[in-house]
Amino acid sequence: TTDTIQLSSTVDTATAVTGGIVTLTADGAGGGLGTLTIDANANIASDGEVNLTGANGIQTGGNITSVGTVNFNSATTLSNDVAVAAGGLIGADINFVGTLDGIGLPVSTLTLETGLGNITFQENVGLASPLLAITITDAVDVNFAKTVALDSFTQNFGSGTTTFGDRMTLEGAFNFTGNNLTMNGTGDSAVGVAGSLAAMNVTNSGAFTTGTGLNLVVDGSFTQSSGDAASTNSLGGNITSTNEAITFASAVTLTDNVT
């Protein structure tokens with residue numbers, strides 16, 4: 001713990017005999033900026049948890065590999081492509097307690113892997129700068145509690161439920177492969193800026209659900225594919241494709257008036 005922290009080289013506790021916990025706290029208590037900065041080449045490898053805190057925020061460009069849970073306890077900005085893998089073979093959680101944003105062009109990609117763990121975003125994602133792409137390699141549950149604005153979103157595997165708790169705006173494509181996908185909020189969630197032909201692809205082995213009053217507006221095609229015989233769709237809002245087709249492979253149930 002100290003005023004301001006700048007990490008410019010690797011931290012490795014992965015060879016520790018017992019849980020090598022990494023805790024970095026920039027509290028600003030001595031009059032410093034209270035910023036935790038992790039450079040692009042400053043990767044963290046931990047045999048335990050990783051806890052990152054900055055009273056004035058976290059700016060990170062380094063990768064994290066941890067056997068335990070990874071906690072970003074403050075507003076976080078990506079300065080580079082970042083990969084976070086938690087839990088090893090048994091899985092552990094990744095938690096973003098504060099807001100999450102990109103820093104500007106070029107677009108930064110955040111790749112997350114938890115195995116049997118969960119991923120939680122407690123605050124807005126991308127509202128200050130949507131120049132951020134998120135790729136989820138695997139997880140159980142993924143929860144975006146508030147508004148999401150991204151360059152693109154990709155999930156390759158999810159055994160539980162991925163939930164968007166409020167509206168989502170993507171400049172590019174949306175690709176989901178997993179069990180359940182739930183999208184809530186009121187108004188329009190948009191995929192693709194005008195003329196981009198960015199597509200929305202949903203491959204669900206469980207339930208794809210849109211809440212009442214949540215409309216999907218896709219510049220390119222919308223395609224729902226069945227990942228399993230149990231695949232279902234429940235729609236509470238409209239789906240509009242500006243330029244391409246809308247396709248469902250599984251049965252659709254309407255929970256409100258839908259066009």
Side-chain angles (χ1 to χ4, degrees), residues 2-14 22-26 28 32-46 49-88 92-115 117 119-139 142 144 148-156 168-175 198:
T2 188
D3 279 359
T4 300
I5 298 174
Q6 178 160 356
L7 187 65
S8 300
S9 60
T10 298
V11 173
D12 188 350
T13 69
V22 174
T23 299
L24 299 175
T25 303
L33 293 176
T35 302
L36 171 57
T37 302
I38 302 173
D39 293 343
N41 61 341
N43 300 325
I44 296 173
S46 172
E49 293 186 355
V50 175
N51 297 292
L52 306 177
T53 305
N56 195 38
I58 302 165
Q59 182 171 305
T60 182
N63 300 329
I64 299 174
T65 304
S66 175
V67 172
T69 298
V70 178
N71 296 307
F72 294 84
N73 294 313
S74 311
T76 300
T77 302
L78 297 191
S79 58
N80 193 53
D81 292 343
V82 171
V84 181
D93 296 344
I94 300 174
N95 300 310
F96 291 88
V97 177
T99 57
L100 174 65
D101 288 286
I103 201 169
L105 291 172
V107 171
S108 297
T109 298
L110 175 64
T111 302
L112 303 174
E113 180 178 1
T114 66
I119 301 171
T120 302
F121 301 86
Q122 296 184 21
E123 296 294 335
N124 296 324
V125 176
L127 288 197
S129 173
L131 298 173
L132 169 68
I134 291 181
T135 296
I136 297 173
T137 303
D138 57 36
V142 178
F144 293 89
V148 174
L150 296 172
D151 181 77
S152 63
F153 175 82
T154 301
Q155 183 167 343
N156 296 323
M168 172 194 72
T169 302
L170 302 186
E171 296 186 3
F174 180 101
N175 293 290

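Between the side chain of Asp101 and the backbone N or O of Ala128, at least one donor-acceptor pair lies under 3.5 Å. Side chain of Asn175 to backbone of Thr154: no donor-acceptor contact under 3.5 angstrom is found.
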From CA spacing to verdict: side chain to side chain contact (heavy atoms under 4.5 Å, CB included), Thr53, Leu36
CA-CA 7 Å; Thr53 305; Leu36 171 57; 5.9 Å; no
Dump the intermediate steps for side chain to side chain contact (heavy atoms under 4.5 Å, CB included) on Leu110 and Leu100, then the final yes or no.
CA-CA 10 Å; Leu110 175 64; Leu100 174 65; 3.7 Å; yes
Given the rule in the side chain to side chain contact (heavy atoms under 4.5 Å, CB included) test, do Val22 and Ser46 qualify, once you have shown the distances and angles that lead to the verdict?
CA-CA 7 Å; Val22 174; Ser46 172; 3.9 Å; yes
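In this structure, Thr109 OG1 and Asp81 CG are separated by 4.5 Å, a value rounded to the nearest 0.5 Å. In this structure, the separation between OG on Ser108 and CD1 on Ile134 is 11.5 Å, given to the nearest 0.5 Å. Interatomic distance, Thr65 OG1 to Asn43 CG, rounded to the nearest 0.5 Å: 7.5 Å. Atoms CD1 and CD1, from Ile119 and Ile94 in turn, are 5.0 Å apart once rounded to the nearest 0.5 Å. The CG atom of Asn156 lies 9.0 Å from the CD1 atom of Ile136; values are rounded to the nearest 0.5 Å. Here the CG-CG distance, from Asp93 to Asn71, works out to 8.5 Å after rounding to the nearest 0.5 Å.
With sequence neighbours left out, the side chain to side chain contact (heavy atoms under 4.5 Å, CB included) criterion links Val97 to Asn73, Gln122. Shown here are the side chain to side chain donor-acceptor pair (under 3.5 Å) partners of Thr137, two or more places apart in sequence or in another chain: there are none. Taking Asn41 as the reference, Asp39 meet the side chain to side chain contact (heavy atoms under 4.5 Å, CB included) condition, with sequence neighbours excluded. Every residue meeting the ring-ring contact (aromatic ring centres under 6.0 Å, His included) condition with Phe72, not counting sequence neighbours, appears here in chain and number order: Phe96. Glu123 pairs by the side chain to side chain donor-acceptor pair (under 3.5 Å) definition with Lys146, not counting sequence neighbours. Take Ile103 and apply the side chain to side chain contact (heavy atoms under 4.5 Å, CB included) test, not counting sequence neighbours, and it matches Gln59, Thr77, Ser79. Contacts of Ala92 classified as side chain to side chain contact (heavy atoms under 4.5 Å, CB included), with partners at least two apart in sequence or in another chain: Thr69, Ala86. Residues satisfying the side chain to side chain donor-acceptor pair (under 3.5 Å) test with Asn56, not counting sequence neighbours, are Thr35. A search for side chain to side chain donor-acceptor pair (under 3.5 Å) contacts involving Asp138 returns nothing, not counting sequence neighbours.
Shortest non-hydrogen contact noted between Gly104 and Ser129 is N-OG, 4.0 Å. When all heavy atoms of Gly57 and Ser74 are compared, the closest pair comes out as CA-CB, 4.4 Å.
Between Pro130 and Glu171, the closest side-chain pair of non-hydrogen atoms falls below 4.5 Å. Residues Leu127 and Thr99 are not in side-chain contact: their nearest non-hydrogen atoms beyond the backbone lie 4.5 Å or more apart. A 4.5 Å side-chain heavy-atom check between Leu78 and Leu132 finds at least one atom pair inside the cut-off.
Pairs engaging residues 49-71 under the ring pair (Phe, Tyr, Trp, His ring centres under 6.0 Å) rule: none recorded [sequence neighbours left out].
Of the residues Ile64, Thr111, Thr114, the one that meets the side chain to side chain contact (heavy atoms under 4.5 Å, CB included) test with Val84 is Ile64. With respect to Leu7, the side chain to side chain contact (heavy atoms under 4.5 Å, CB included) criterion is satisfied by exactly one of Leu52, Thr60, Leu24: Leu24.
Ring planes of Phe144 and Phe153: perpendicular class, angle over 60° (limits at 30 and 60°).
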